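In what follows, a structure is listed as structure tokens, so that the remarks can point back to it.
None of these values were measured; they are calculated from a predicted model.
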Amino acid sequence: IEEDTFYNTNRTATITVKERNFDPAQFKVEGISGSMSNWTNNGDVWTSTMSFTEDKDYSFKLSCTDRAGNASNVYDSGSFTIDKTAPVMSVSWNTDKPSNGNYYNQRRTATITVVEHNFDASLFKLEGNGVLSGWSGSGDSHTATVSFDTDGEYEFSISGQDKAGNTAENFSSGKFNIDVTMPELSIEGVENSVSYKENVGFTVRMSDNNIDTSNTSVTLTARKQGNIRVNGIVNEKTGEFSFNDIPKEEVYDDIYTLVAKVTD
């Protein structure tokens, strides 16, 4: 038995005592040990087995005396661990409500929690985007965080195992986007609450890295004429809408409302 080692399977130790006047009742086990079988003998050679099947830290000593009171040597197992249980890893987020599938308008933080008695932080590995913080622990529960603070597309996975080689179920975040930057919107040619005699036209410009074209619009409405067509186009990065001139006929003398809306 090697000292300070970890095993992810059951172990069985075979104990052999060579003594003609052996007395099983004087065989002594000290410390944390496994379950012993009954003794059998072949002449003056006596054998038994000790099974280690429970997840536990073991350390024990074996010794005996014969019927004449002669003491044997002392066997010291050293420390070893049986651990057949895989680490349980889970991930929680500070926000889990995306827009348009996988877009988030606030910074995200993933909290990694691993429940494992024989935990070793060096055996857990993050791949992809993000930086894993230092681990903190309370009992068998160990936590770390991965933060995503800037605009961009991210994806990461984390895998690991315990000291005995039991492997945790891998976690993969899938792709997601952080966009905390407000879209830019500008209107040129007209101003609020201003009256114009002639040559009334305007241009609406907008930009963002992730424009939601289905939720972006420009409308021009006259109190008497109703909705007036505005020329323009928008894509996922930019948009530009324009209206060249309101006709000079008296019928177009009116109060107009321009509403421009851009959403990422």
Any link between [X] and [Y] through a network of hydrophobic side chains (Ile, Leu, Val, Met, Phe, Trp, Tyr) touching at under 4.5 Å?
X	Y	answer
L185	L258	yes
I112	V88	no
I187	Y196	yes
Y75	W39	yes
V200	V194	yes

Notebook entry, point to check: Which value, rounded to the nearest 0.5 Å, describes the distance between S63 atom OG and F27 atom CZ?
Noted result: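 It comes to 7.5 Å.
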
Next item on the list: To the nearest 0.5 angstrom, please state how far the NZ atom of K56 sits from the CG atom of D83.
Entry: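 Rounded to the nearest 0.5 Å, the NZ-CG separation comes to 13.5 Å.
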
Name each donor-acceptor pair under 3.5 Å that joins a side chain in residues 217-226 to protein atoms two or more places apart or in another chain, with its distance.
| residue | atom | partner | partner atom | Å |
| --- | --- | --- | --- | --- |
| K224 | NZ | D253 | O | 3.1 |
| Q225 | NE2 | V251 | O | 3.3 |

Return yes if a side-chain donor-acceptor contact under 3.5 Å exists between [X] and [Y], otherwise no.
X	Y	value
T81	D57	yes
S48	S37	yes
T203	S242	no
N210	K237	no
T263	D212	no
T40	T47	yes
T5	Y7	yes

Notebook entry, point to check: Does the gap between the ring centers of W93 and Y104 come in under 6.0 Å?
Noted result: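 Centroid distance W93-Y104: not below 6.0 Å, so no.
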
Notebook entry, point to check: Does F241 have its ring centroid less than 6.0 Å away from the ring centroid of F202?
Noted result: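 So the answer is no for these two rings.
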
Next item on the list: Determine the sole option in V131, T109, L132 for which the side-chain contact (heavy atoms from CB on, under 4.5 Å) test with S147 is passed.
Entry: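 Testing S147 for a side-chain contact (heavy atoms from CB on, under 4.5 Å) against V131, T109, L132 leaves exactly one candidate, T109.
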
Next item on the list: Identify whether NZ of Lys or CZ of Arg in R11 sits under 6.0 Å from the centre of the six-membered ring of F80 and within 45° of that ring's axis.
Entry: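 Judged by the rule, R11 and F80 form a cation-pi pair.
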
Checklist line | Geometric cation-pi criterion, R67 with F22: 6.0 Å, 45° | finding: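 The answer is no, since R67 fails at least one limit relative to F22.
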
Exam field: side chain [X] to backbone [Y], donor-acceptor pair closer than 3.5 Å:
X	Y	value
N118	K163	no
D140	V115	no
S159	N170	no

Can you find a heavy atom in the side chain of [X] that is under 4.5 Å from one in the side chain of [Y]?
X	Y	value
T65	Q26	yes
D264	P183	yes
M206	T216	yes

Donor-acceptor contacts under 3.5 Å from residues 120-128 side chains, at least two apart:
| residue | atom | partner | partner atom | Å |
| --- | --- | --- | --- | --- |
| D120 | OD1 | S122 | N | 3.0 |
| D120 | OD1 | S122 | OG | 2.7 |
| D120 | OD2 | S122 | OG | 3.3 |

Checklist line | Audit row: V29, M36, side chain to side chain contact (heavy atoms under 4.5 Å, CB included) steps and yes/no | finding: CA-CA 10 Å; V29 180; M36 285 189 64; 3.8 Å; yes

Check: V17 and C64: which non-hydrogen atoms are nearest, and at how many Å?
Finding: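 Looking at all heavy atoms of both residues, the closest pair is CG1-SG, 4.2 Å.
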
Note to self: Check this for me, if you would: do D66 and R20 make a salt bridge, where the nitrogen-to-carboxylate-oxygen distance has to be below 4.0 angstrom?
What the structure shows: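 R20 and D66: not salt-bridged.
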
Note to self: What I want to find out is whether K61 reaches E30 closely enough, with some N-O distance under 4.0 Å, to be called a salt bridge.
What the structure shows: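 Judged by the 4.0 Å cut-off on N to carboxylate O distance, K61 and E30 do not form a salt bridge.
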
